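The structure appears below as structure tokens.
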Amino acid sequence: MHTATKTLAAAALIATLAACSESPSAEAEPINDTSWLTTSAPAGAISVTEAKATAAEGDQIVITGTIGGRAEPITANSPVFLIMDNALPSCADKANDHCPIPWDYCCETPESRTANAATIQIVTANTNTTGQAVTVDPIAAGLKPLDIVTITGTVGPRPSPEVLTIKATQVHITPN
């Protein structure tokens, strides 16, 4: 990977992580909606790495991954979280790693984290407000670090192959 590409990928990941703490845009009032949580997983899910290799902006997609990033994957002010490719072991999956926060994948290189990460933004599927960010009740949502999830949504802008953002209308949490 060229230095410029690495820099762009790192900047995109930093921007994604920073976006997790920002409040929703002032131009669209967030909608408190829990219809995005589903009880059954959709068929045909692909991995994060496969999606990064094949998905184009605007594609409808079903993707699966493991929630990573931070202890509280989503907050009331930020319906955005990260997933990592299920093939990438978290620090909790490594016998010799005793990391107290394994969901941050700190045992992996920055390049590996970038290559295996996707950003998920929960949006409404309501026909009157399609694509608008939703407010989230983090407790009711039940998303936890290292949960395996299946996401249905639309691929957002792809300024580079390293960046994959999904505007999710459905999230299924795989039971442990």
Side-chain angles (χ1 to χ4, degrees), residues 9 12-25 27-70 72-88 103 105 113-138 140-175:
L13 186 57
I14 290 168
T16 297
L17 291 172
C20 291
S21 63
E22 294 177 6
S23 58
S25 170
E27 63 191 49
E29 185 65 29
I31 298 167
N32 193 6
D33 178 5
T34 58
S35 65
W36 53 272
L37 286 171
T38 64
T39 56
S40 60
I46 62 174
S47 70
V48 172
T49 55
E50 184 178 351
K52 281 189 155 185
T54 61
E57 183 176 340
D59 286 353
Q60 296 299 304
I61 192 167
V62 178
I63 186 171
T64 187
T66 302
I67 296 177
R70 58 187 181 178
E72 292 183 37
I74 57 175
T75 65
N77 292 328
S78 180
V80 176
F81 62 98
L82 294 176
I83 61 171
M84 303 299 283
D85 193 284
N86 290 334
L88 184 70
W103 52 83
Y105 289 79
R113 288 191 305 261
T114 299
N116 288 282
T119 301
I120 309 300
Q121 179 187 26
I122 302 168
V123 298
T124 183
N126 178 316
T127 56
N128 295 324
T129 57
T130 300
Q132 189 172 336
V134 298
T135 56
V136 176
D137 178 343
L143 297 175
K144 297 183 298 299
L146 302 179
D147 276 349
I148 295 174
V149 293
T150 303
I151 309 296
T152 303
T154 304
V155 177
R158 302 245 10 228
S160 74
E162 291 82 18
V163 176
L164 180 63
T165 302
I166 308 297
K167 293 185 177 289
T169 55
Q170 293 184 336
V171 176
H172 171 74
I173 304 168
T174 302

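Please read all numbers here as calculations on a predicted model, not as lab measurements. Index from 1, following the sequence.
- When all heavy atoms of Pro157 and Val163 are compared, the closest pair comes out as O-CG1, 4.2 Å.
- Summarising the geometry, atom NZ belonging to Lys167 is positioned 12.0 Å from atom CD1 belonging to Ile122; distances are rounded to the nearest 0.5 Å.
- Residues Thr66 and Trp103 are not in side-chain contact: their nearest non-hydrogen atoms beyond the backbone lie 4.5 Å or more apart.
- Nearest heavy atoms, Pro73 versus Pro145: CG-N, 3.8 Å.
- The only option from Asn116, Ile120, Thr119 that meets the side-chain contact (heavy atoms from CB on, under 4.5 Å) definition with Ile83 turns out to be Ile120.
- By the 4.5 Å heavy-atom criterion applied to side chains, Arg113 and Leu82 are not counted as neighbours.
- Remark: the backbone N or O of Glu162 is paired with a side-chain donor or acceptor of Lys52 at under 3.5 angstrom.
- Here the straight-line distance linking atom CD of Gln121 with atom CD1 of Ile74 works out to 12.0 Å at 0.5 Å rounding.
- In this structure, Thr154 and Val123 have side chains that are not in contact, with every pair of non-hydrogen atoms separated by 4.5 Å or more.
- Smallest separation of non-hydrogen atoms from Thr150 and Ala45: CG2-CB, 3.9 Å.
- Within 6.0 Å of CD in Glu72 there are 12 or fewer heavy atoms belonging to other residues, nucleotides or ligands.
- Shortest non-hydrogen contact noted between Met84 and Ala117 is SD-CB, 3.6 Å.
- The only member of Thr174, Ile67, Val171 that meets side-chain contact (heavy atoms from CB on, under 4.5 Å) when paired with Asp147 is Ile67.
- Scanning both residues, Ile148 and Thr64, for their nearest heavy atoms gives CG2-OG1, 3.9 Å.
- Closest non-hydrogen pair, Leu164 versus Ala55, comes out as CD1-CB, 4.4 Å.
- The one candidate from Ile151, Thr152, Val155 that meets the side-chain contact (heavy atoms from CB on, under 4.5 Å) condition with Ile63 is Ile151.
- Under the side chain to side chain donor-acceptor pair (under 3.5 Å) criterion, Thr49 pairs with Ser47, Asp85, not counting sequence neighbours.
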